[in-house]
Structure formats: C-alpha cells, structure tokens
2 protein chains.
Amino acid sequence: MVNGRTPSVKDVARSAGVSLGTVSNVMNRPEVVSPTTRERVERAMVELGFVRNESARQLRAGTSRTLAYVMLDGSNPFFHDVSQGIELAAEEADLSLFICNSNGRSEREEVLLDRLMQQRVQGILITPVNPDAPHLAEISRRGIPVVIVDRVGAGGLFCSVAVDDVLGGRIAVEHLAEQGHTRVAVVGGPESIGQVRERVEGARQIWAELGLPPEDLTYLPTAGLTVAEGRSAGERLAGIPARRRPTAAFCANDLLALGLLQQSIGAGLRVPEELAIVGFDDIEFAAAAAVPLTSVRQPRQELGRAAAQLVLDEATNPDHVHQQPLFVPELVARASTVVRSRSY
Amino acid sequence: MVNGRTPSVKDVARSAGVSLGTVSNVMNRPEVVSPTTRERVERAMVELGFVRNESARQLRAGTSRTLAYVMLDGSNPFFHDVSQGIELAAEEADLSLFICNSNGRSEREEVLLDRLMQQRVQGILITPVNPDAPHLAEISRRGIPVVIVDRVGAGGLFCSVAVDDVLGGRIAVEHLAEQGHTRVAVVGGPESIGQVRERVEGARQIWAELGLPPEDLTYLPTAGLTVAEGRSAGERLAGIPARRRPTAAFCANDLLALGLLQQSIGAGLRVPEELAIVGFDDIEFAAAAAVPLTSVRQPRQELGRAAAQLVLDEATNPDHVHQQPLFVPELVARASTVVRSRSY
DNA sequence: CACGCCGTATGAAACATTTCAAACATCCTG
DNA sequence: CAGGATGTTTGAAATGTTTCATACGGCGTG
C-alpha cells in the first residue's frame, strides 16, 4: 500500500512468512489452517491493507459473484421496487447486483447484455424490450441463466416471473362495473408492449362476459406509459361529449393514472364522483396521490425475489427445469373509485 | 462454444491460423494488422461466438471499465434522476455503471464499498450516509477516485458536486414570505442528515433577515424523508390551534411534501388557500401531484453528469485538483403555493 | 548485393488468484 | 520403532488477456 501498488497475496505471504497457498486458504477455507498461522496472516492482511482482487479470483474460479438486472424503464418506480426485491435475494446469496437500464431502447439493451456477457455474470434478470428477441435466446444457449421479469417468454425457453396481466385487466374493470359504471375508458399504449396488450385484453374479456356493449368500452391509445401521456389522455377524454363520456377509466399503469388524475382534477372534474380511475402496479405514489389511487397491485418485491431465486437455481442446480410462475394480481380499492371510502 | 467451454483468444487464434497476439491486436489496435488477416480473425470470432473475458482483460490491464454509484435511498426518485445523469456520462466514456443502494444504512454502505474495491472499479460516486466517515478517506488514499454527490465532503478531501442547500432553504421560505405568510412550518429530519440541517438553516437565516419573529417559524421534526413521515407531520400540524397554526410549510424534500399535501387535502384543508406547501428536489411526481407542488429544483441529471466528469478527470488526469462545484437551486412555483396560478 | 527500414506477426512474460497433488510434521498404534 | 493416520503447509500449474521485445519478409536505396 505504501509503495503505490495495492498489495497482493504474494505480499501478504511474504510479510506473514508463509506461502501463497496458505494465504489463499485463510480466505477460502479457514478451517484447514492452524489458528496461529491464520492469525498471523490475518494480521498481515490488515497491516498491508490487502484487498482481494476479484478479477483474478473470477478468472481462476471461472465464475463471478454478480447478478445483473436490466430494467425496462428507470423512471418508473415499479421497476425499482422489483430491483429492491432482487437485491434482497442477492444479498442473502452474497452476490453483487448490477443494475442497468435499457430505457426501452432495444439497441441499448443489446449493448448492455453484451457487456454483461463479457463480465461473465452468473445470471441475468431482464424485463426485455421484446422477450422474443434472438439475442436473449443466444445468451441462454451459452449457458448463462436468463430470467424474464414481468413478462412471460415465449416457448418456455427461459424461466420467467410475471403477474397475470389478463386477470389484472379483468379485476380492474370488474371492479368498475361493480361500482355501477357502464361507460368505461381503457387507457394505454403502445400496443407493442405486451403488458399493455394483455391488460387491455383482460378488460375486453370481462366486459364481454358481463354482457356490456363493446362500444361502451372506449380504448384511448397512448404513446407511452408516462404521467405526461396520462394528462394528454385526460384531455382527449374531456373532449368527449358529456352524454357519451366514460364515467370511469382503467389505465394500463399508475403513471398514466396519476397523469389522468391530475389533469381531470385540474379541469374541475370530481374524482371519483364524475370520473373514477383505476391504475395498475400500485406503486408507492399511487397511495400518496391527493386522491389515493385504486390500483391493481403486483407483488413487486416478491416478483424480484422470486426471479432471483430462479436464476440462482438455474445457475447452481443441475436438475433445474424452467418455470414460469404467474403471480395473482390483487385489487386495492382506494378513494379514486370508491366514494367517501376511508380505505388504505 | 460447441464443446461447452466458452472459446478464448487461443481458440480464435487456432481457428484463424494466427497467433494469440494477433487476435489481441485485432481487438485493441486494428490498425496494425493487415486487412486480410483482420478479416480472417473477425470471421473466426463470430464463427466461434467469441466473447472477450473482461476479468482477464482487467487483470492484465490493471484497470476496469466500470464506475459505481452508491445511492443513499433507492425509494427516492431524486437519486434515480441523478444516476441517470451519471449513466449518460458513463455511456459517453464507454464505461459501465454499477448502481448500488445503501438504503441509508452505514454498515451496508461499507459492505458495498468493500465489494467495489475488490472489483477495482475506476471510480466511486457516492451519496454517503456520512461524508466524514473514515472509510471514504481510506478508499481515496488508496488511489480510487471518490466523488461525493449531493453533499460537500469536509476538508476538501474529495471532489464533490452539490446544490447550495442553505440557499435552497432561503429561497423557499422567501417565496412563502412574499406570498404573505407570517407563520411558517419547517418540516424535516432527522437532523443527522446534512441536507436537512442546511435547508432548515437557510430557512432560519432568511426568516431572521426578514425581521420575522423566530417563534413564528415552527420546526416540525420527522424521523425520515418519506411520504409516510410527511403525512404524520400533517397530523401534527393539524393539531395546532387554528389561531397559531402555520399557514405554509416548507418541507425538506418532495416526498415529505407529497405526504403532507395528501394528508392535508384528506383532512379537508384547501391547498394553497389554507395551507401553502413548498417541497425540495422537484422530482417528477412533484409536478404530477393533484395540486402541483411548488418545489426547489435541483439540477438532478446535471448533478450526476458533473460528478461523473469529475471522477473521470481524477482517474485520468494527473494534474487533477479536487473541486467542489456548488449548483444554484431554483424555485419552481406551482399551484401549491400560488393561488389560481396556471403555472407549470 | 548489402543494408536498413517498414509493416506485420509472433511468443513469452506478466497480471493475482485458486486448486491440488505432494511434502512435511506430529502423533498414535501395534 | 516402524508404519500409518492425521493435520498443515507448500509450490507449481492454470485461468484468459495484453504487452513488448523480437523476428520475419519484402522493398527500396546506395
């Protein structure tokens, strides 16, 4: 440490008067080395300020101690809650977690994945731009465990952990119907996002099953799942003549719902009396909105934790078989749909 | 790739009929190798599915291609915006970014830092639990650049990038005073957090300078900077007899402000008529609240970007000198303080 | 033709660790 | 006291790159 260079095992060995192998043993199998030498080595380590070089360890061992999570959208708190769950599981397994963010851009995603392969991470968790993209399969074929988070990969090629989005759409709209709404808007997009497609699909299914006329379920497409898009949807909604205007809206995620909520209140609409709103994800800010938001809860941390466990199983268990557990979403009713409820 | 093992440079060399060194040259200094052999090597690489082993590279080169950011609180969107700025700068410099989260726990922070040292990261950006903690100085002494983000390190030991929190507190309260408020609450805590101390300090300063009586500036301490704490502060605020109750509140961050806003509206208070609220940070959700939140804006992405540039300079420029640039915060007035303004 | 030069290609050394067979020491057993 | 058994330590090999001094081959110059 003194002469510039960070000390290596060799320096520690010399300083403690033992061989290389012994120092390594102190770190990796302390039980085989005698207490006295162990203590001597340990003292030398702190004295020199030794820090193990993980690259060298990894090179020799052939395996890293890192997982990676590639988020789809860093500006959506939902994904951070998921990553929190992953990190908890990683911490338990004594692994580091690399968090990256593709920001929905496919080419960025590819760059990140390439880097992660170069780092020889132990496993990759990803909410992909497109779960069917060939580069994902390619990574998996190379023997690096890949787990799809919040989507179901096609063809059982990977493990995945997701919530039943169709069911989520169903319970959201069913809830609105129960509250007596007969004209409902479904807000979300773009349809290239699988989650959006399925949530909308669920809404349509239950609507039909309840025997309500399809033309009373208005689809308001958006260009993304952001607060700003929610506001813009609100403006379009307000433009519909009052007689035909939906009295409730189901938004494909909470960001949209928050935007819609804000725009509607700003425009003088009373929520939920004149417009009821349901979101999706149940992010923390949903409950904290001025009119607390009814939302379809996904078990966010649990999703992350389960995904991490699957990736670890695939990495360590030779008898691993791919699984695609589907979590069941749950409606959390709050003031944005229920008149004068004190819930939450 | 076929026989299990991932191919190495050696395999590529054999397959292309050249030496190890040549393959390395193709990757690192393509200009010195003739076009024909280069092409041959490149074909062999894709054929075998070669992926460079970053650990080996790093071991030999002695330096990694990664930066790390240790966040203070993963549940606060503010820090994600900062990390977004860092990532942009890292991407430009062709570096990977490791994002971790200490969650405000000092011992977790130490574990993370230790791991990062083992990985031999090129530089560490951190919003520390305590900027004076000895382990930070220790890392820096070892030659790893450390940049403090959103705090100023003591004694000029490190580079740091921060916003003038005292000034931020001043402009927030000055704004409230300009709106005619003469009884103001200051909400925030714990005081162990430097940002909180300084923002409160700024509020007190300007209050005194304006010649207002100190007893009319009520300090409402909180146990953390969360939405829930904001709600709880709101309850305490409501408990104050109306004659003496503050008509405005300055919250040490936006999460508190959102909680306070929600609680107050829920309790039937009109915002801003009966209670004006200013937050701090100007996170995206501040503008998206049902009553858009006035807030003291920090240039979040810019903060991250500047920090990344400093760490890179320290890592590469031998003439580097530590700098502590202070950014100037800016008040963004919205509906939560300004009656019937259409601003934002 | 000898010489030096230039553009390419080579192969060994180095990086910091882990692993593993072998050496060594110590003690016990018969 | 020979022969194991047990417990500890050793030293060399191996991991996949990059670097660097060296070698090679062809070409132009004197």
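Chain identifiers are assigned alphabetically (A, B, ...) following the order of the sequence lines, protein sequences preceding nucleic acid strands; residue numbering begins at 1 within each chain. In this text the structure is predicted, and so the values were computed from the model without any measurement.
Residue pairs meeting the ring-ring contact (aromatic ring centres under 6.0 Å, His included) criterion with at least one member in residues 48-90 of chain B, sequence neighbours excluded: A:H80-B:H80.
At distances below 3.5 Å, not a single donor-acceptor pair connects side-chain atoms of A:R151 with backbone N or O atoms of A:P128. Counting only distance, with no hydrogens or angles, the side chain of B:E109 and the backbone of B:V129 share a donor-acceptor pair below 3.5 Å. The closest donor-acceptor contact from the side chain of B:T127 to the backbone of B:V149 lies under 3.5 Å. Looking at A:Q195, its side chain does come within 3.5 Å of a backbone N or O of A:D150 through a donor-acceptor pair. Without hydrogens or angle criteria, B:R40 side chain to B:A16 main chain gives a donor-acceptor distance under 3.5 Å.
For the pair A:E31 CD and D:dT8 P, the interatomic distance rounds to 10 Å; values are reported in whole Å. Per the geometry, CZ belonging to A:R120 stands 20 Å off P belonging to C:dT17, to the nearest Å. With rounding to whole Å, A:R14 atom CZ is found 14 Å from C:dA16 atom C1'. Between B:R52 atom CZ and D:dG16 atom P the separation is 15 Å, expressed in whole Å. Going from atom CD of A:Q118 over to atom P of D:dG16 covers 15 Å, rounded to whole Å. Across the protein-nucleic acid pair, B:Q119 atom CD and C:dT17 atom C1' stand 15 Å apart, rounded to whole Å. What separates CG of B:D11 from C1' of D:dT17 is a distance of 13 Å, to the nearest Å.
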- Do B:L113 and B:I126 pass the side chain to side chain contact (heavy atoms under 4.5 Å, CB included) test, and can you show the C-alpha distance, the side-chain angles, and the key distance before you say yes or no? CA-CA 10 Å; B:L113 287 174; B:I126 181 170; 4.2 Å; yes
### Query
What do the steps show when you test A:Q301 against A:D81 for side chain to side chain donor-acceptor pair (under 3.5 Å), and what is the final call?
CA-CA 6 Å; A:Q301 286 218 4; A:D81 293 341; 5.9 Å; no
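Residue B:S8 is classed as a sugar-phosphate contact, given heavy-atom separations below 4.0 Å to backbone atoms only. Within 4.0 Å of B:V41, counting heavy atoms only, lies no atom of the nucleic acid at all.
Each end of the helix from C:dC1-D:dG30 to C:dG30-D:dC1 gets its own axis, taken as the rotation carrying the C1' atoms of four end pairs onto the next four within a five-pair window, and the two axes meet at 60° to the nearest 10 degrees.
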Using a cut-off of under 3.5 Å, enumerate the N/O to N/O pairs linking the protein to nucleotides 9-15 of chain C.
unit_1, atom_1, unit_2, atom_2, d
C:dA9, OP1, B:S34, OG, 3.2
C:dA9, OP1, B:T37, OG1, 3.0
C:dA9, OP2, B:S34, N, 3.2
C:dA9, OP2, B:T37, OG1, 3.3
C:dT10, OP2, B:S19, N, 2.9
C:dT10, OP2, B:S19, OG, 3.2
C:dT10, OP2, B:T22, OG1, 2.8
C:dA14, N3, B:R60, NH1, 3.1

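Under 4.0 angstrom from either OP1 or OP2 of C:dT17 there lies no side-chain N or O belonging to A:N53.
B:R52 and A:D114 are not joined by a salt bridge, as no carboxylate oxygen comes within less than 4.0 angstrom of a charged side-chain nitrogen.
Taking the side chain of A:R29 as heavy atoms from C-beta on, and the options D:dT18, C:dA16, C:dT19, the nearest nucleotide is C:dT19.
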